[in-house]
A.B. asks: 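Please find one structure pasted underneath; my questions will follow.
If you read the sequence from its start, that first residue is 1, and numbering goes on from there.
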Amino acid sequence: MEKTNSGKKTEKKLTKAEEKKQQKKKKLALGIIERLKAEYPDADCTLDYNEAWKLLVSVRLAAQCTDARVNVVVEDLYKKFPDVDALAAAEPSEIEEIVRPCGLGNSKARDISACMRMLKEKYDGKVPDQFDQLLELPGVGRKSANLIMGDVFGKPAIVTDTHCIRLVNRMGLVDGIKEPKKVEMALWKIIPPEEGSDFCHRLVNHGRDVCTARTTPHCGQCCVADLCEKNGVK
């Protein structure tokens with residue numbers, strides 16, 4: 001059995017009612033996964049990168065910023081600081097000057113600087129492939145660590161970004177849970193580990209194109225409408 005990032009301790013035994021409910025959610029999850037696979041067969045990370053450390057940088061910059069803007073900004077960043085050593089040696093103020101268009105420039109620059117220094121000093125410039133080690137890096141939370149685990153290392157991962165949290169609640173995969181870690185823990189119980197990373201990428205595509213946040217969801221165009229709890233399906 002593959003190890004996930006759930007970090008869960010021994011769980012109390014489920015009641016028959018709880019077990020039945022969980023099995024129902026597993027069945028629903030499998031149905032949704034297959035529909036989204038057909039709808040978004042090529043779903044992938046929308047942040048541009050060709051090395052693991054670059055994804056670390058981009059995902060930090062993406063907080064409260066669009067991936068499209070991050071992809072433009074990092075081009076200038078990498079022209080001036082082309083590798084881990086260069087970024088580790090840079091002053092945070094030098095990094096901030098370039099990444100400011102992504103917002104929260106001061107804190108993001110400070111985290112990127114500290115993260116690159118730790119990679120250089122502790123990991124010989126390489127990004128670690130263990131979840132707990134990733135969480136020790138400055139500016140890296142569970143969402144970022146899961147993204148690295150899934151996209152870079154091909155390991156089980158569930159990335160609970162805003163699209164994921166909104167959609168899994170609407171679809172009925174979780175029940176009124178908004179805290180990212182709690183959503184992640186709930187999804188580990190019903191999503192096959194090998195499906196988690198791609199499933200979350202597909203949720204991003206579906207959340208942007210169909211099950212939108214700022215406008216009424218386009219349920220008439222939704223490939224999972226007949227499965228979705230929002231539409232009264234129980």
Side-chain angles (χ1 to χ4, degrees), residues 1-41 43-45 59 128-136 140-208 210-211 213 217 222-234:
M1 181 179 293
E2 289 185 278
K3 184 180 179 182
T4 67
N5 308 326
S6 59
K8 57 188 178 184
K9 299 178 181 178
T10 303
E11 297 179 5
K12 66 177 183 179
K13 189 174 181 179
L14 298 176
T15 65
K16 286 186 177 180
E18 290 170 335
E19 188 173 344
K20 183 178 179 180
K21 183 177 181 180
Q22 185 163 300
Q23 288 302 318
K24 184 177 180 181
K25 288 186 183 295
K26 284 183 179 180
K27 183 178 179 181
L28 174 61
L30 291 176
I32 291 172
I33 286 170
E34 290 308 309
R35 298 282 186 88
L36 293 179
K37 274 187 182 180
E39 190 76 7
Y40 310 100
D44 202 354
C45 180
V59 74
D129 64 354
Q130 299 300 310
F131 191 75
D132 289 342
Q133 292 177 333
L134 287 169
L135 286 181
E136 292 176 354
V140 176
R142 295 189 68 86
K143 182 177 76 172
S144 302
N146 270 295
L147 183 65
I148 297 292
M149 292 292 285
D151 280 43
V152 174
F153 300 113
K155 296 185 177 184
I158 291 178
V159 181
T160 50
D161 65 2
T162 55
H163 291 292
C164 174
I165 294 169
R166 183 176 75 255
L167 268 63
V168 297
N169 273 280
R170 284 179 175 174
M171 292 172 175
L173 295 177
V174 302
D175 301 316
I177 307 174
K178 303 299 183 182
E179 184 182 325
K181 183 177 179 180
K182 289 182 178 180
V183 172
E184 181 193 333
M185 295 302 112
L187 291 178
W188 279 122
K189 297 175 184 177
I190 62 172
I191 303 291
E194 69 277 9
E195 298 286 357
S197 182
D198 288 341
F199 173 64
C200 291
H201 285 316
R202 293 185 174 107
L203 288 178
V204 171
N205 287 4
H206 196 61
R208 287 173 176 167
V210 179
C211 198
C222 180
C223 62
V224 298
D226 61 316
L227 302 177
C228 183
E229 190 172 278
K230 179 177 173 61
N231 289 323
V233 179
K234 300 293 184 183

A.B. asks: Can you confirm whether Ser197 sits close enough to Val159 that some side-chain heavy atom of one is under 4.5 Å from a side-chain heavy atom of the other?
C.D. replies: no

A.B. asks: To the nearest 0.5 Å, tell me how far Ile190 CD1 sits from Lys25 NZ.
C.D. replies: 6.5 Å

A.B. asks: Is there a side-chain contact between Ile32 and Cys228 (heavy atoms, below 4.5 Å)?
C.D. replies: no

A.B. asks: For Lys143 versus Thr160, what's the shortest heavy-atom pair and its separation?
C.D. replies: CD-O, 4.0 Å

A.B. asks: Okay, side chain of Arg202, backbone of Tyr40: is any donor-acceptor separation there less than 3.5 Å?
C.D. replies: yes

A.B. asks: Quick one: do Glu18 and Thr15 satisfy side-chain contact (heavy atoms from CB on, under 4.5 Å)? Show the steps, please.
C.D. replies: CA-CA 5 Å; Glu18 290 170 335; Thr15 65; 3.1 Å; yes

A.B. asks: Could you tell me the separation between the CZ atom of Arg166 and the CE atom of Met171, rounded to the nearest 0.5 Å?
C.D. replies: 9.5 Å

A.B. asks: When you check the gap from the basic side-chain N to the acidic O, do Asp226 and Arg35 get nearer than 4.0 Å?
C.D. replies: yes

A.B. asks: Restricting to non-hydrogen atoms, name the atom on His206 and the atom on Cys222 that form the minimum distance, rounded to 0.1 Å.
C.D. replies: NE2-SG, 3.3 Å

A.B. asks: Mind checking the CG-CZ spacing from Leu36 to Phe199? Nearest 0.5 Å is all I need.
C.D. replies: 6.5 Å

A.B. asks: With a 4.5 Å cut-off on side-chain heavy atoms, are Ile148 and Pro128 touching?
C.D. replies: no

A.B. asks: Give the C-alpha distance, both sets of side-chain angles, the deciding distance and a yes or no for salt bridge (Lys or Arg N to Asp or Glu O under 4.0 Å) between Lys37 and Glu195.
C.D. replies: CA-CA 10 Å; Lys37 274 187 182 180; Glu195 298 286 357; 2.9 Å; yes

A.B. asks: Establish, from distance only, whether the side-chain atoms of His201 and Asp151 form a donor-acceptor pair under 3.5 Å.
C.D. replies: yes

A.B. asks: side-chain contact (heavy atoms from CB on, under 4.5 Å) for Asp161 and Cys200? Distances and angles first, verdict last.
C.D. replies: CA-CA 8 Å; Asp161 65 2; Cys200 291; over 6 Å; no

A.B. asks: Please confirm whether the backbone N or O of Ile177 pairs with a side-chain atom of Asn169, one donor and one acceptor, at under 3.5 Å?
C.D. replies: yes

A.B. asks: Does a side-chain N-to-carboxylate-O contact under 4.0 Å join Arg170 and Glu229?
C.D. replies: no

A.B. asks: Does the pair Asn146 and Phe131 meet the rule for a side-chain contact (heavy atoms from CB on, under 4.5 Å), with working shown?
C.D. replies: CA-CA 7 Å; Asn146 270 295; Phe131 191 75; 3.6 Å; yes

A.B. asks: Go through the steps to decide whether Cys211 and Val224 satisfy the test side-chain contact (heavy atoms from CB on, under 4.5 Å), and finish with yes or no.
C.D. replies: CA-CA 10 Å; Cys211 198; Val224 298; over 6 Å; no

A.B. asks: What's the separation between atom CG in Leu28 and atom CG in Leu173, rounded to the nearest 0.5 Å?
C.D. replies: 4.5 Å

A.B. asks: Under the side chain to side chain contact (heavy atoms under 4.5 Å, CB included) test against Ile158, which residue among Val183, Val168, Leu187 passes?
C.D. replies: Leu187

A.B. asks: Rounded to the nearest 0.5 Å, what's the gap from CG on Leu147 to CZ on Arg142? Could you check?
C.D. replies: 14.0 Å

A.B. asks: Using atom types as modelled and distance alone, determine if a side-chain donor or acceptor of Lys21 lies under 3.5 Å from a backbone N or O of Lys16.
C.D. replies: no

A.B. asks: In Å and rounded to the nearest 0.5 Å, what is the CG to CZ distance from Leu134 to Phe153?
C.D. replies: 6.5 Å

